[in-house]
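Have a look at the structure below, then the notes.
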Amino acid sequence: MKVKKIVKIKKDVVARAFVFFLMAASSQTFAAPAATVPNGVGLFYYPAAEPNKADDFASLLNAGKASAIFRMEDMHEFHQFYAKDPAVKNGVAAGGGFLYQTGALSGFNAAVGIHAQHIIKPLSRSEDELPFDFGGPHQTSVTQAYLQYHGHGMRIRTGRQLINTPFAAAGQYTLMPRAYYGATATLHPLAWSDSSHPEQLAVFAGRITQYESRFNDEFIDGNKYFRDRHLKGFTTVGINYKSPRLYAGQALEGRLWFYKFYDTANLYFSDGQTVMENIGERIHPLIGYQVATENESGDALLGDVNAQFYGLKLGVAYPTGSIALVGTYAPVHKGTYQNGGLALPYARLQDNGGVFTATFSDGNMDIGAGYGYGIKISQTFLNRQMGVYLNYIRLLARYGYGFNRHYSTGTTADGIYGFPQGTTPVRDQHQQSVGFGFTLHMGYFAKSLKNLVLQDMFNFQTYEKAQRHWTQNIFSVIYKFN
């Protein structure tokens, strides 16, 4: 009876999210004038551009195109985390990616991509510490090798590829991306009509059988919890909607996603954001929501999974930025995976910044069920060629990881209720974080620098009760070759 009640509650949550999404998507929508900070993911892990057309087989290579990206990263850490004495560390790494795709014949083409990194100055961490920052030692990998059909409002790929979905993505903070092997399809249904903005509605579907983490140079059948197991991977289906810009009035964007992580969990997720009519001179109210629910699937390798989280964003948007209050809540379910924790076999919440209270280092569900709140400010300058963000986030986990960042990755789940072996969950674990960063497109100063980007990300994090802190800064120089 209890199981049926839980299932019914989960279905109601998903149904309400779906209804909210459809109601918003069907309403009259216009673009917002609000600016957003340029997204680092697009800089580091470029999407493949539409291929050139080839006239015949002989011209496939001649019609091909190549693109590349170079990135050098300087990282500083100051923390009192793994030991009582403060540690000061600095590391430098360089890397990048190269992608070549042939011309397209009747819409079909092929592509191959390589990513590489070289550690110039290691952080000198001990061997038992997590290689989170640069992703390990010198590394080279064929991250993309796929066949593709592109045309008639659709793009279908099979093979090695990079994807960018809410809870399975390339990543953001390391030089090497996560890569995936399988088949994916992206559809733009509005392209089949007379719509002048076919890109505003996208449907994505993917069947992934293998993946390569940021810290290894091989594709495996397992995931971050069970690296040595032969698993079936995952299936995902998602809908993205984003209203066109260049209009006055209301704007809307929303996402609805489903993941089936085989023998682990089923995850349902939806979020949306709307910018409404002006309340003053060029000031627009902003409201957003998030909701997710997850339960075990198949052989339930992590045991019982019962997790939900809810998010709310309230603020204002204006022509050069936005200010918003954010909050998330995740109820505790004792006796399930991490007492209500979200199982994410292929990602961490902060990798794509999608969750409202995600920070540089952790997100609410990265440290356990509980709640989080804070304020997020984004601002653009120099004719939108410089984006700056400032965040303050406070998190509480009802059953935390003992204030040890090594545990917060959730890469092992061999202890009681999915906590790492030997870890004693800490009741009411508090932490607070201050984050600051900027992205500067140097093309603003000179046309010859149009492909050069500078980026910096800073985060200071404290852990109450444990009297520990974590400070990290990553400065990146990025150059795109077209």
Side-chain angles (χ1 to χ4, degrees), residues 13-14 16-25 27 29-39 41 166-167 172 238-243 245 249-257 268-280 282-293 308-331 342 349-360 362-367 369-380 387-396 432-437:
V13 170
V14 177
R16 286 196 296 270
F18 185 69
V19 170
F20 183 99
F21 179 87
L22 290 182
M23 288 176 63
S27 64
T29 57
F30 301 95
T36 58
V37 176
N39 190 339
V41 175
F167 298 112
Q172 186 169 349
I239 302 173
N240 286 2
Y241 176 84
K242 190 171 185 177
S243 59
R245 295 195 172 191
Q250 189 179 38
L252 174 85
E253 55 185 291
R255 300 183 296 179
L256 181 65
W257 285 83
Y268 305 84
F269 171 74
S270 177
D271 68 354
Q273 176 175 296
T274 183
V275 178
M276 295 172 282
E277 299 287 350
N278 298 22
I279 58 174
R282 301 194 302 174
I283 297 178
H284 302 256
L286 158 60
I287 182 171
Y289 82 98
Q290 293 182 325
V291 59
T293 183
Q308 301 87 38
F309 80 79
Y310 311 91
L312 181 65
K313 176 193 288 187
L314 297 173
V316 294
Y318 47 93
T320 59
S322 65
I323 301 174
L325 300 175
V326 295
T328 54
Y329 169 69
L342 198 66
L349 288 186
Q350 77 276 24
D351 285 334
N352 64 356
V355 176
F356 292 155
T357 54
T359 72
F360 191 120
D362 294 301
N364 198 196
M365 293 301 289
D366 282 310
I367 67 170
Y371 63 82
Y373 60 87
I375 183 171
K376 290 192 171 185
I377 303 171
S378 67
Q379 179 69 40
T380 61
V388 178
Y389 72 85
L390 175 64
N391 302 330
Y392 169 77
I393 300 294
R394 183 176 176 85
L395 304 174
L396 178 139
Q432 50 187 334
S433 171
V434 176
F436 169 81

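Below, each value reflects all heavy atoms present in this structure, side chains not excepted, and no hydrogens, waters or symmetry copies.
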Of all the heavy-atom pairs spanning Met276 and His284, show the shortest one and how long it is.
O-ND1, 3.0 Å

Between the main-chain N or O of Gly321 and the side-chain N or O of Ser378, is there a donor-acceptor pair closer than 3.5 Å?
no

Locate the shortest heavy-atom distance separating Leu256 from Ser270; write the atom from each residue and the value.
CD1-CB, 3.6 Å

Could you walk me through whether Lys313 and Phe356 pass side-chain contact (heavy atoms from CB on, under 4.5 Å), step by step?
CA-CA 7 Å; Lys313 176 193 288 187; Phe356 292 155; 3.7 Å; yes

Run the side-chain contact (heavy atoms from CB on, under 4.5 Å) check on Leu286 and Val316 step by step: do they pass?
CA-CA 5 Å; Leu286 158 60; Val316 294; 5.7 Å; no

Could you check whether any side-chain N or O of Gln379 sits under 3.5 Å from a backbone N or O of Thr320, counting only pairs where one atom can act as donor and the other as acceptor?
yes

Do Gln432 and Tyr392 get their side chains close enough for a donor-acceptor pair, meaning under 3.5 Å?
yes

Would Gln290 and Phe309 count as a side-chain contact (heavy atoms from CB on, under 4.5 Å) here? Give the steps.
CA-CA 8 Å; Gln290 293 182 325; Phe309 80 79; 4.0 Å; yes

Under the side-chain contact (heavy atoms from CB on, under 4.5 Å) test, residues paired with Pro331 that sit two or more places apart:
Gln308, Tyr310, Tyr329, His333

Hey, are the side chains of Phe436 and Val388 touching, using non-hydrogen atoms and a 4.5 Å cut-off?
yes

What heavy-atom pair brings Ile375 and Ile323 nearest, and what distance separates the two atoms?
CD1-CG2, 4.1 Å

If you apply the rule side-chain contact (heavy atoms from CB on, under 4.5 Å), what do you find for Val355 with Thr357, and how did you get there?
CA-CA 6 Å; Val355 176; Thr357 54; 4.3 Å; yes

If I compare all heavy atoms of Val275 with all of Ala317, which pair ends up nearest, and what's the gap?
CG1-CB, 4.3 Å

Strictly distance-based, threshold 3.5 Å: is any side-chain N or O of Ser243 a donor or acceptor partner for the main-chain N or O of Leu252?
yes

If we count only N and O atoms by modelled type, under 3.5 Å, do the side chains of Asn240 and Trp257 hold a donor and an acceptor together?
yes

If we only count heavy atoms from C-beta on, is the Phe269 to Phe167 side-chain gap below 4.5 Å?
yes

OG1 on Thr274 to CD1 on Ile287, rounded to 0.5 Å:
8.5 Å

Would you compute the distance between atom CZ of Arg255 and atom CG of Asp271 and round it to the nearest 0.5 angstrom?
4.0 Å

Close side-chain approach of Tyr318 and Arg282, heavy atoms under 4.5 Å:
no

